[in-house]
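Worksheet: one structure, shown below.
Throughout, protein chains are lettered first and strands after them, A, B, ... in sequence-line order, and every chain is numbered starting at 1.
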There are 2 protein chains.
Amino acid sequence: MTLNSAINAVTVVSRLKDKGYRITAQRQALVEKLIESDKALSASEIWEKLKVQYKEISLDTVYRNLHVLVDLGALIPINAMGKDSVRYELVFTSHHHHIVCVKCGKSQCIDFCPVDPQLIITLKKHGYELVRHNLELFGVCRQCNAS
Amino acid sequence: MTLNSAINAVTVVSRLKDKGYRITAQRQALVEKLIESDKALSASEIWEKLKVQYKEISLDTVYRNLHVLVDLGALIPINAMGKDSVRYELVFTSHHHHIVCVKCGKSQCIDFCPVDPQLIITLKKHGYELVRHNLELFGVCRQCNAS
DNA sequence: CTCACTGCAAATGCTTTGCACTATA
DNA sequence: TATAGTGCAAAGCATTTGCAGTGAG
């Protein structure tokens, strides 16, 4: 864990405390797993990671804590990336997108954002205050293009 | 139904025939409902519309035909627009995106695309042939901002 | 006449919820 | 101690699938 993400773990936990949430071992572990991961995870993926340490942890607890963290604004739910279930990503993660290969289904991070920053102003004219955006890119990867 | 969308209905049906699919009353009706609609619909919304004419039509058939049309490339599944189920949109519909209010959940079409066209070239350098993209915008609408 | 398509019913998979017990604050 | 959080089991949805009957080509 880097120094930067260590600060983030503390940030999340203290934000939980501020809001009156109790810090349980399961909740703390869940936050740590999310921080350790560099990509967005689904509820069951997080569950699998947690079960290594906490054999007894239930999937319901994972879901409930994910909701808490979303309400807190520490986590963003992404319904995208293929057709699977919802994935959760920490808001600290630097802004980026993913491209999914429509043939093999593999996904890759795209480290830049092709969305025009002017969008915020244009949306304001439409009456909207932009909170966040998520761009799904679908394409054919090099390997699949070759075959 | 406009002349333009009438052409599209014929296009879809003939594309189905070309691929060896049979044209059933249910399948034909489903295509028509999609064309009549100006927005992306969920499977059950389409089912409700179809039941007006075909009381006996089953939801399974709706799902199966939606998959056929997606495979055919005539329909695009959108997992976004709030937290609900998947919605389907005809590819003929002019390219646009939606913004969803994070407070009330209402969505609105945004008739322009803020994605940099340069993206296609950049992705090619990464080895990807871009097929399509979907941009999810989340914000707070005027009404919710006021209250 | 053949086999894709359909309706039915049951199964699946993800997510949520009620309840009684546990443990944080 | 009070009550938020937990595990368990069961319920809810959206979606998928097996099967036998039906109908398009």
Distance, rounded to the nearest Å, where [X] contributes [atom1] and [N] contributes [atom2]:
X	N	atom1	atom2	value
A/L72	D/dA4	CG	C1'	15 Å
B/I57	C/dC5	CD1	P	14 Å
A/W47	D/dG7	CH2	C1'	11 Å
B/H67	C/dT6	NE2	P	13 Å
A/L59	C/dC14	CG	P	9 Å
B/Y54	C/dT6	OH	P	11 Å
A/L41	C/dC14	CG	C1'	16 Å

With a 4.0 Å heavy-atom cut-off, tell me which residues in residues 16-24 of chain A come close to DNA chain D, sorted by residue number. A/Y21, A/R22, A/T24

Taking only the side-chain heavy atoms of B/T61 (C-beta and beyond), determine which of C/dT6, C/dC19, D/dT15 contains the nearest atom. C/dT6

Taking the side chain of B/N65 as heavy atoms from C-beta outward, which of C/dT6, D/dT15, C/dT15 is closest to it? C/dT6

For D/dG7, does either OP1 or OP2 sit under 4.0 Å from a side-chain N or O belonging to A/Q26? yes

Ignoring backbone atoms, test whether B/R27 places a side-chain nitrogen or oxygen under 4.0 Å from the OP1 or OP2 oxygen of C/dC5. yes

Terminal axis angle for the helix from C/dC1-D/dG25 to C/dA25-D/dT1, five pairs an end, nearest 10 degrees: 40°

Listing time: all N or O pairs from protein to nucleotides 9-14 of chain D that are below 3.5 Å?
from: D/dA9; atom 1: N6; to: A/D60; atom 2: OD2; distance (Å): 2.4

